[in-house]
Q: 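Have a look at this one.
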Amino acid sequence: MKVAIIGQGYVGLTISAFAGEFFDVVGFDNNQKIVDQLNSGISHIEGVESSVLQKWIKAGRYKATTSGSDISDADIVVIAVPTPLSKDRQPDLTFIDAACRTIGENVKTPVLVINESTSFPGTLRNYIKPAIEKYSATPVEHLYAISPERVDPGRGDYNQKNTPRLYAGLTAEASEKTRDFYSRFCDELVEVSSPEVAEAAKLFENTFRQVNIALVNEFAQITNALGISVYETLDAANTKPYGFMKFTPSAGVGGHCIPVDPTYLAAVAEDHGAPATFIRRANDVNLEMSKYVVDRVQADNGGSLQGKSVLVVGVAYKPNVADVRETAAELVIEHLRSAGAVVTWHDDVVGSWRVESSAPLSGADIAIVVTKHDSVDERAIVASAPYVFDTTGKIKGVKGL
Ligand SMILES: NC(=O)c1ccc[n+]([C@@H]2O[C@H](COP(=O)([O-])OP(=O)(O)OC[C@H]3O[C@@H](n4cnc5c(N)ncnc54)[C@H](O)[C@@H]3O)[C@@H](O)[C@H]2O)c1
């Protein structure tokens, strides 16, 4: 069996690495640099070991490609391309459309098409299937299924194998074949009654996180106004053995999922005339946190940041990964620069970002910790500036949320 995986990023490469044990895998990506790197056995994704890639390449079971014709003899095609927001913060399915074109133009015999990209309910049925049919020169009866990806890059305890996987096909045959595929490398498969349920469940999982993060971010502002510690209060609430789940405040949410997926849900809700005010407000609260942090820092520093050197510590969207997509650090830096601060950032895991490089962890007037990687020494952060504001709750003895 040959599996073609369209998109060799966090999701697609992770699946490729697991699938390589059981299938011949072709990783199709339109980025030549990534493809060349992968074919030389170097992984660019946290959690995918280069040694695993090299093992499959050596065994002739993995090849990356930019050529659509390499997927033409696949039995299964998995879509794992980005689903971002457009400039006006609407669902942007242009990458999905391009993947459908690649499939339509190259796959001439019936295959199982599985979508792993996150999108709104109805995407598989009303968008992917018609798009592939539109791009196919002659009609092909493919099978279609959805199995939303739940991978959490950089996480050690849960991975492809032990994270239960939702799935549903457009037909019973598509569901059965999808189950066969994933059951090789996933311990637990959960079939739902329609692709729309699987698509909606994935969006709701991330919306649940988004609104709870927004709630705790608002709560941090309330506890600060009341003069009590948000962390102590949360720990106290967390002693309740049921009905409570602890989330922690931050400078905002980042990554490709939590700041994006809820907007897909809100957009489809509003298209169907259902309100999504709660989801929209949660998004705003999280986006506003960066300004709140900068306002707090400014208030602590004589009411002005004009000309002050400010070091933002950690620009990745979460600890121990190099991923900067939608990072809260970006808005923090923007607000600092608007306030007249001279901003540099330190993050040796990220290295370079927005044509700037990681600065030394020292010599600033003010340091603001947005993300704390395990590799960064806490004492070095404390020594990096006379005033340190920590948004992570991990640094002892400094100002924070
Ligand atoms: N990263 C995560 O933690 C995560 C978790 C669950 C779900 N998802 C979802 O999975 C999907 C993929 O996310 P990701 O994080 O892997 O993205 P990514 O940006 O890491 O990788 C996407 C890859 O697709 C390639 N690509 C873009 N357009 C292409 C095309 N037309 N043909 C072939 N390749 C193309 C890019 O070059 C890139 O290498 C998104 O819908 C995302 O919401 C991501």
Side-chain angles (χ1 to χ4, degrees), residues 4-18 26-39 42-48 64-71 74 77-85 91-107 113-121 123-124 127-128 131-132 135 146-155 158-160 163-167 198-199 201-207 209-210 253-265 316-318 320-327:
I5 301 179
I6 303 189
Q8 291 292 280
Y10 282 90
V11 168
L13 192 64
T14 305
I15 296 289
S16 300
F18 275 85
V26 174
F28 176 85
D29 201 291
N30 58 5
N31 183 324
Q32 188 67 52
K33 207 169 134 206
I34 288 177
V35 165
D36 291 344
Q37 193 180 324
L38 293 173
N39 281 331
I42 298 165
S43 163
H44 63 301
I45 296 296
E46 286 103 1
V48 178
T65 184
T66 53
S67 168
S69 60
D70 285 332
I71 73 162
V77 181
V78 177
I79 300 173
V81 294
T83 43
L85 295 174
D92 175 1
L93 295 192
T94 51
F95 296 92
I96 293 262
D97 187 70
C100 291
R101 180 189 276 269
T102 301
I103 297 169
E105 290 179 349
N106 293 285
V107 185
V113 176
I114 305 173
N115 180 37
E116 289 215 15
S117 294
T118 307
S119 185
F120 48 80
T123 300
L124 183 74
Y127 196 92
I128 291 178
I132 292 174
Y135 291 123
I146 168 89
S147 184
E149 178 52 63
R150 289 168 152 172
V151 71
D152 183 7
R155 189 169 188 129
Y158 283 102
N159 55 36
Q160 287 292 331
T163 305
R165 192 173 257 284
L166 300 177
Y167 71 99
E199 289 165 327
K202 168 69 193 177
L203 291 186
F204 189 67
E205 289 166 17
N206 283 342
T207 303
R209 284 180 60 75
Q210 179 224 31
V253 290
H256 190 32
C257 295
I258 297 172
V260 175
D261 298 355
T263 301
Y264 271 65
L265 186 56
Y317 86 87
K318 69 174 183 178
N320 310 324
V321 300
D323 195 345
V324 288
R325 289 176 298 179
E326 309 277 333
T327 174

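For ligands, and for the atoms within them, numbers begin at 1 and follow the listed sequence. Starting from 1, each residue takes its place in the sequence as its number. Since we're looking at a predicted model, the values are computed, not measured.
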Q: Considering only non-hydrogen protein atoms, determine which one is nearest to atom 22 (C) of ligand 1 and report residue, atom name and distance to 0.1 Å.
A: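 Residue, atom and distance for the closest contact: Pro82 CD, 3.6 Å.
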
Q: CZ of Arg209: more than 12 outside heavy atoms within 6.0 angstrom?
A: no

Q: Distance to 0.1 Å, residue and atom name: give those for the protein heavy atom nearest to atom 31 (N) of ligand 1.
A: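 In this structure, atom 31 (N) of ligand 1 has Ala98 CB, 3.3 Å as its nearest protein heavy atom.
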
Q: I need the contact type for Ser119 against ligand 1. Using non-hydrogen atoms and a strict under-4.0 Å cut-off, is it side chain, backbone, both or neither?
A: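 Neither; nothing of Ser119 gets under 4.0 Å from ligand 1.
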
Q: Record the part of Asp152 in heavy-atom contact with ligand 1 below 4.0 Å; permitted values are side chain, backbone, both and neither.
A: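 Answer for Asp152: neither.
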
Q: To which protein heavy atom is atom 18 (P) of ligand 1 closest, and what is the distance rounded to 0.1 Å?
A: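 For this ligand atom, the closest protein heavy atom is Arg325 NH1, 3.5 Å.
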
Q: Could you check which of Tyr10, Phe95, Tyr264 puts a non-hydrogen atom nearest to atom 1 (N) of ligand 1?
A: Tyr10

Q: Could you tell me the residue and atom name of the protein heavy atom closest to atom 11 (C) of ligand 1, and the distance to it rounded to 0.1 Å?
A: Val81 O, 3.3 Å

Q: Does the Tyr264 side chain pair with the main chain of Asp92, one donor and one acceptor, at a distance under 3.5 Å?
A: yes

Q: Can you name the atoms of ligand 1, numbered from 1 with element, that are less than 4.0 Å from a heavy atom of Glu149?
A: 6 (C), 7 (C)

Q: Examine ligand 1 and decide if any of its atoms is less than 4.0 Å from a heavy atom belonging to Arg101.
A: no

Q: How far is atom 29 (C) of ligand 1 from its nearest protein heavy atom, and which residue and atom name does that atom have?
A: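 Protein heavy atom at minimum distance: Asn30 ND2, 3.3 Å.
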
Q: Which protein non-hydrogen atom lies closest to atom 23 (C) of ligand 1, naming both residue and atom, and how far is it?
A: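 Looking at atom 23 (C) of ligand 1, the protein heavy atom closest to it is Asp29 OD2, 3.6 Å.
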
Q: Could you find the nearest protein heavy atom to atom 3 (O) of ligand 1 and give me its residue, atom name and distance?
A: Pro153 CD, 3.1 Å

Q: Looking at Ile15, Asn115, Thr118, Leu166, which one forms a side chain to side chain contact (heavy atoms under 4.5 Å, CB included) with Glu149?
A: Ile15

Q: If only side-chain N and O atoms count, and only distance matters, is there a donor-acceptor pair under 3.5 Å linking Thr65 with Ser67?
A: no

Q: Going by the order shown, which atoms of ligand 1 are within less than 4.0 Å of some heavy atom of Asn31?
A: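 With Asn31 as reference, the close atoms of ligand 1 come out as 37 (O).
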
Q: What protein heavy atom sits nearest atom 32 (N) of ligand 1, and how far off is it?
A: Phe28 CE2, 3.5 Å

Q: Using the side chain to side chain contact (heavy atoms under 4.5 Å, CB included) rule, pick out the option among Ile45, Ile5, Asp29 that qualifies with Leu13.
A: Ile45

Q: Is there a donor-acceptor contact under 3.5 Å from the side chain of Asn206 to the main chain of Asp261?
A: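 No, because the side chain of Asn206 does not come within donor-acceptor range (under 3.5 Å) of the backbone of Asp261.
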
Q: Is it true that Ile34 lies under 4.0 Å from ligand 1, counting heavy atoms only?
A: yes

Q: Between Gly255, Gly9, Pro148, flag the one that comes closest to atom 21 (O) of ligand 1 by a heavy atom.
A: Gly9

Q: Does either side chain, that of Thr14 or that of Gln160, offer a donor lying less than 3.5 Å from an acceptor on the other one?
A: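 Distance-only check fails for Thr14 and Gln160.
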
Q: Distance-only, no hydrogens or angles: does the Arg101 side chain make a donor-acceptor pair with backbone N or O of Tyr135 under 3.5 Å?
A: no

Q: Calculate, to the nearest 0.5 Å, the distance between atoms NZ and OG1 belonging to Lys318 and Thr327 respectively.
A: 12.5 Å

Q: Relative to the heavy atoms of Lys202, which atoms of ligand 1 are at a distance of less than 4.0 Å?
A: 6 (C), 7 (C)

Q: Show me which atoms of ligand 1 lie under 4.0 Å from any heavy atom of Thr83.
A: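 So the answer, numbered in order with elements, is 40 (C), 41 (O), 43 (O).
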
Q: Among Gln210, Glu326, Arg325, which one satisfies side chain to side chain contact (heavy atoms under 4.5 Å, CB included) with Pro259?
A: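 Single pass found, and it is Glu326.
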
